[in-house]
Amino acid sequence: MRYRVERQAGQRCLIMDNRAELLEYLKHTPPETITDIRKIYKNGIMDSVMETYFPYGGYRSRRERTVGRLVSVPPNPK
């Protein structure tokens with residue numbers, strides 16, 4: 001199975017040939033640089049698998065959780 005890692009604007013997307021290679025890349029990459037992870041099937045169809053790789057660091061920001069939405073942070077009471 002092949003994976004396409006889409007990164008921030010201005011950076012090229014990367015193609016990983018297998019899951020092990022993808023996980024190794026996610027270990028060493030800052031999570032803020034990745035915008036999406038897509039699985040490429042043999043027939044050419046792509047499907048987003050971003051939620052699957054949240055625990056491995058493949059999420060857009062530290063505030064984002066497995067739901068895939070930004071979590072609102074209440075202001076600090078003073």
Side-chain angles (χ1 to χ4, degrees):
M1 191 65 58
R2 293 176 56 152
Y3 296 90
R4 176 181 170 143
V5 178
E6 296 178 9
R7 300 186 297 169
Q8 290 178 341
Q11 296 181 355
R12 292 184 169 184
C13 63
L14 299 174
I15 303 293
M16 305 292 169
D17 290 325
N18 54 42
R19 185 176 189 271
E21 189 177 335
L22 173 65
L23 293 177
E24 187 65 29
Y25 173 77
L26 292 177
K27 276 193 234 176
H28 303 292
T29 304
E32 295 83 19
T33 62
I34 299 172
T35 59
D36 197 11
I37 301 171
R38 303 186 71 77
K39 185 184 287 187
I40 305 172
Y41 295 97
K42 290 183 180 185
N43 60 4
I45 294 175
M46 290 189 281
D47 188 26
S48 179
V49 292
M50 190 72 162
E51 293 81 21
T52 306
Y53 293 98
F54 273 18
Y56 299 105
Y59 44 86
R60 292 182 202 103
S61 71
R62 297 197 187 279
R63 291 183 179 187
E64 198 159 328
R65 302 291 183 252
T66 57
V67 184
R69 291 177 255 183
L70 289 176
V71 177
S72 62
V73 178
N76 291 334
K78 294 183 181 181

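From a predicted model like this one, the values you see are computed outputs, not experimental measurements.
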Practice task
Check whether any side-chain heavy atom of Glu24 lies under 4.5 Å from a side-chain heavy atom of Glu21, and answer yes or no.
Solution key: no
Exercise for the section: Would you give the length of the straight line joining atom CD1 of Ile15 to atom OH of Tyr3, rounded to the nearest 0.5 angstrom? Expected result: 12.5 Å
Problem - Any residue meeting side-chain contact (heavy atoms from CB on, under 4.5 Å) with Asp47, in chain and number order, not counting sequence neighbours - result: Tyr41
When the side chains of residues 7-14 are checked against the rest of the protein, which donor-acceptor pairs come out under 3.5 Å, sequence neighbours left out?
unit_1: Arg7; atom_1: NE; unit_2: Arg12; atom_2: O; d: 2.9
unit_1: Arg7; atom_1: NH2; unit_2: Arg12; atom_2: O; d: 3.0
unit_1: Gln8; atom_1: NE2; unit_2: Glu32; atom_2: O; d: 2.8

Practice task
Please name all residues satisfying salt bridge (charged side-chain N to carboxylate O under 4.0 Å, His left out) with Glu6, sequence neighbours left out, ordered by chain then number.
Solution key: Arg4
Practice task
Provide the full list of salt bridge (charged side-chain N to carboxylate O under 4.0 Å, His left out) pairs with a residue in residues 37-46, sequence neighbours left out, each pair given once.
Solution key: Asp36-Arg38
Exercise for the section: Would you kindly confirm whether Ile40 and Leu22 end up in one hydrophobic cluster when ILVMFWY residues are joined by side chain heavy atoms under 4.5 Å apart? Expected result: no
Handout entry: Ile37 vs Thr52 side-chain heavy atoms within contact, under 4.5 Å
Key = no
Practice task
Establish whether Met1 and Val49 are linked, either directly or via other cluster members, by ILVMFWY side-chain heavy-atom contacts under 4.5 Å.
Solution key: yes
